[in-house]
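Scroll down for the structure; my scribbles are underneath it.
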Amino acid sequence: MPIRTDLRAVKAQLKAQRVETASWAYANSGTRFKVFAQSGVPRTPREKLDDAAQVHRHTGVAPTVALHIPWDRVDDYAALARYAEEQGLRIGAINANVFQDDDYKLGSVCHPDAAVRRKALDHLLECAEIMEATGSRDLKLWFSDGTNYPGQDDIRARQDRLAEALAAVYERLGDGRRMLLEYKLFEPAFYTTDVPDWGTAYAHCLKLGEKAQVVVDTGHHAPGTNIEFIVAVLLRERKLGGFDFNSRFYADDDLMVGAADPFQLFRIMYEVIRGGGLTPDIAFMLDQCHNIEAKIPAIIRSVMNVQEATAKALLVDHAALEAAQRDGDVLSANAALMDAYSTDVRPLLADVREELGIDPDPVGAYHRSGWAQKIVDERVGGTQAGWGA
Ligand code: PSV
Ligand code: MN
């Protein structure tokens with residue numbers, strides 16, 4: 001089967017694609033067993049932005065950085081946004097954190113106690129204000145809420161509490177702002193989770209209105225779940241707001257996207273393109289933890305993995321694929337996808353980078369830049385950033 005040959009158009013789309021990096025991915029992280037500190041890790045939100053600027057410098061496509069509050073709490077958010085701008089960056093999604101206070105043991109916005117629900121809602125509203133101060137478009141909401149034991153709380157009442165909180169936040173969203181609701185099958189709750197799947201997220205977003213969109217974290221599904229099908233359906237319903245990209249072998253492993261299953265990432269990107277989703281309306285964010293590998297080159301690698309999957313998906317010859325599908329020619333249809341997937345797109349992406357005026361080898365360029373040594377030498381003392389607030 002042929003692949004697309006109008007490479008100029010393919011390259012234009014690759015140059016226009018943007019990938020958002022996450023502030024917390026530059027910080028120390030680990031598992032519940034151990035956080036391994038790395039030397040040179042940022043100590044402040046500004047230092048996280050400095051590192052993100054290196055990723056953007058070497059990839060040319062990562063100009064926004066997601067914040068997590070309170071991990072990135074500062075006194076003056078407008079000043080932080082100005083600092084980002086000085087580094088050639090913008091503030092991306094504001095991620096709310098209502099999962100790390102002792103008060104949230106039984107939940108946040110779904111907690112049985114109204115006082116805890118109020119506290120959680122106040123945090124979400126504070127995040128909506130931070131969006132205004134930083135110019136961020138997206139408020140990303142993930143709730144660790146759920147229960148561990150049958151009978152622990154009323155499943156239906158918790159949905160009512162969730163709906164009430166979401167509506168209150170939705171009302172506060174400024175013009176051009178959006179609310180992205182993230183689902184996750186389980187963890188930390190092990191019996192019920194209040195937003196466990198895309199159907200629940202979709203139902204809430206549908207009721208709320210256009211500004212509420214579902215975000216698909218690729219690590220948040222049961223093994224074997226067909227994520228590209230979810231992507232196709234949400235795009236068709238105009239309810240896909242973005243991705244938290246990462247990869248997994250077992251559960252929410254938060255490994256580099258495209259590391260565990262590059263074919264799945266290709267299939268997802270194919271459905272994104274098929275559904276008209278390769279636009280700024282869909283946020284392509286990374287939500288990963290680099291527990292054992294050097295963080296900045298791992299994030300560069302992740303951006304490149306997204307680009308490679310996108311390039312392969314763009315190379316699918318739609319006309320040939322549609323013809324094969326119409327004819328019921330199963331093997332040719334499958335070959336149309338597989339031939340694109342099997343194409344080595346690295347030379348194409350090297351061309352794209354040269355046309356963008358950057359080094360065709362982003363990881364090599366980063367290593368040659370001396371940044372890794374510079375941050376080890378300069379970031380001495382202070383407290384390294386991590387998951388703690
Ligand atoms: C939850 O597992 C999650 O995917 C959410 O996006 C959180 O905000 C993030 O991870 C924290 O790392
Ligand atoms: Mn996530």
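Reckoned from all heavy atoms, side chains included, excluding hydrogens, waters and symmetry mates.
Ring orientation note: the planes of Tyr270 and His318 are close to parallel, at an angle under 30° on the 30°/60° scale. Between His68 and Trp24, the two ring planes are perpendicular [angle over 60°; tilted spans 30° to 60°]. Ring geometry, Tyr341 versus Phe266: the interplanar angle falls from 30° to 60°, so the pair is classed tilted. Ring planes of Phe245 and Phe243: parallel class, angle under 30° (limits at 30 and 60°).
Closest heavy-atom contact between Gln288 and Ser302: NE2-OG, 2.9 Å. Contact detail for Ile91 and Ala84: the closest heavy-atom pair is CD1-CB, 4.0 Å. Across all non-hydrogen atoms, the minimal contact from Asp138 to Ala283 is OD2-CB, 4.0 Å. Taking both residues in full, the closest heavy atoms of Ala189 and Asn148 are given as CA-OD1, 3.5 Å, listed atom of the first, atom of the second, then distance. The shortest non-hydrogen separation linking Met256 to Ser247 is O-OG, 2.5 Å. In this structure, Gln17 and Met269 approach most closely via the heavy-atom pair NE2-CE, 3.9 Å.
Two residues are said to be in side-chain contact when any heavy atoms from C-beta on lie closer than 4.5 Å; Glu20 and Leu286 fail this criterion. For the pair Pro70 and Gln100, the minimum side-chain heavy-atom distance is 4.5 Å or more. Two residues are said to be in side-chain contact when any heavy atoms from C-beta on lie closer than 4.5 Å; Glu182 and His220 meet this criterion.
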Requested in this report: Start with the C-alpha distance between Leu173 and Arg178, add both sets of side-chain angles, then the distance that settles side chain to side chain contact (heavy atoms under 4.5 Å, CB included), and finish with yes or no.
Outcome: CA-CA 7 Å; Leu173 289 177; Arg178 313 189 301 178; 5.7 Å; no
Requested in this report: Walk me through it: do Gln38 and His290 pass the test side-chain hydrogen bond (donor to acceptor under 3.5 Å, both in side chains)?
Outcome: CA-CA 10 Å; Gln38 294 188 16; His290 307 289; over 6 Å; no
Requested in this report: Could you walk me through whether Thr147 and Asp153 pass side-chain hydrogen bond (donor to acceptor under 3.5 Å, both in side chains), step by step?
Outcome: CA-CA 7 Å; Thr147 64; Asp153 198 3; over 6 Å; no
Report task. Apply the test salt bridge (charged side-chain N to carboxylate O under 4.0 Å, His left out) to residues Glu86 and Arg46: give CA-CA distance (whole Å), side-chain angles for both, the deciding distance (0.1 Å), then the verdict. Result -> CA-CA 11 Å; Glu86 284 158 22; Arg46 284 183 185 219; 5.9 Å; no
Query raised in the report: Given Gln264 and Arg267, is the side-chain hydrogen bond (donor to acceptor under 3.5 Å, both in side chains) satisfied, shown in steps?
Result: CA-CA 5 Å; Gln264 179 190 58; Arg267 300 192 310 263; 5.9 Å; no
Requested in this report: Check the pair Leu141 / Val109 against side chain to side chain contact (heavy atoms under 4.5 Å, CB included), numbers first and verdict last.
Outcome: CA-CA 11 Å; Leu141 302 179; Val109 294; over 6 Å; no
Query raised in the report: Checking side-chain hydrogen bond (donor to acceptor under 3.5 Å, both in side chains) for the pair Tyr183/Thr193: CA distance, chi angles, key distance, verdict?
Result: CA-CA 9 Å; Tyr183 59 91; Thr193 294; over 6 Å; no
**Report entry** Worked verdict on Arg177 versus Glu132 for salt bridge (charged side-chain N to carboxylate O under 4.0 Å, His left out)
**Finding:** CA-CA 9 Å; Arg177 312 282 185 233; Glu132 298 304 319; 3.0 Å; yes
Query - side chain to side chain contact (heavy atoms under 4.5 Å, CB included) between Cys110 and Arg117, worked out - result: CA-CA 7 Å; Cys110 304; Arg117 297 204 293 276; over 6 Å; no
Report task. Run the numbers on Leu106 and Gln152 for side chain to side chain contact (heavy atoms under 4.5 Å, CB included), then give the verdict. Result -> CA-CA 9 Å; Leu106 301 181; Gln152 180 189 319; 3.9 Å; yes
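A salt bridge links Lys119 with Asp101: the distance from a Lys NZ or Arg NE/NH1/NH2 to an Asp or Glu carboxylate oxygen falls below 4.0 Å. Residues Arg73 and Glu126 are paired through a salt bridge, judged by an N-O separation under 4.0 Å between the basic side chain and the carboxylate. By the 4.0 Å N-to-carboxylate-O rule, Arg161 lies too far from Asp154 to be salt-bridged with it. Using a 4.0 Å cut-off between a side-chain N of Lys or Arg and a carboxylate O of Asp or Glu, Arg353 and Asp361 do not qualify as a salt bridge. Remark: Asp344 engages Arg346 in a salt bridge, criterion side-chain N to carboxylate O under 4.0 Å. For Arg248 and Asp261, the salt-bridge test fails: no basic side-chain N is under 4.0 Å from an acidic carboxylate O. Salt-bridge annotation for Arg4 and Asp6: present, with a side-chain N of the basic residue lying under 4.0 Å from a carboxylate O of the acidic one. The pair Glu308-Arg301 counts as a salt bridge, with a side-chain nitrogen and a carboxylate oxygen less than 4.0 angstrom apart. Salt bridge status for Asp122 with Arg118: present, with a side-chain N to carboxylate O gap under 4.0 Å.
The aromatic ring centroids of Trp142 and Phe99 lie less than 6.0 Å from each other.
The number of heavy atoms from other shown groups lying within 6.0 Å of CD (Glu164) does not exceed 12. Within a 6.0 Å sphere centred on CZ of Arg90, heavy atoms belonging to other residues, nucleotides or ligands number 12 at most. Within a 6.0 Å sphere centred on NZ of Lys15, other residues, nucleotides and ligands contribute more than 12 heavy atoms. No more than 12 heavy-atom neighbours from other residues, nucleotides or ligands sit within 6.0 angstrom of CZ on Arg172.
Cluster annotation: Phe284 and Leu235 are assigned to the same hydrophobic cluster (Ile/Leu/Val/Met/Phe/Trp/Tyr, side-chain heavy-atom contacts under 4.5 Å, transitive). Hydrophobic clustering (ILVMFWY, side-chain heavy atoms < 4.5 Å, transitive): Ile227 and Phe186 are in distinct clusters. Note on Val303 and Leu278: same hydrophobic cluster, where clusters join Ile, Leu, Val, Met, Phe, Trp and Tyr whose side-chain heavy atoms are under 4.5 Å apart, directly or indirectly. Side-chain heavy atoms closer than 4.5 Å link hydrophobic residues (I, L, V, M, F, W, Y) into clusters, and following such links, even through other members, never connects Met285 to Val195. Tracing side-chain contacts under 4.5 Å through hydrophobic residues (I, L, V, M, F, W, Y), one reaches Val19 starting from Ile268; they form part of the same cluster.
One side chain, Thr200 or Asp197, offers a donor N or O that lies under 3.5 Å from an acceptor on the other. Between the side chains of Asp377 and Gln373, at least one donor N or O lies within less than 3.5 Å of an accepting N or O.
Under the 6.0 Å distance and 45° angle rule, Lys207 does not count as a cation-pi partner of Tyr170.
Of the residues listed (Asp252, Asp194, Asp254), the one engaging Lys184 in a salt bridge (charged side-chain N to carboxylate O under 4.0 Å, His left out) is Asp252, and it is the only one.
The CG atom of Leu265 sits 7.0 Å away from the OG1 atom of Thr310 when rounded to the nearest 0.5 Å.
Under the 3.5 Å distance criterion, the side-chain polar atoms of Asp359 are left unmatched by any main-chain donor or acceptor of Pro362.
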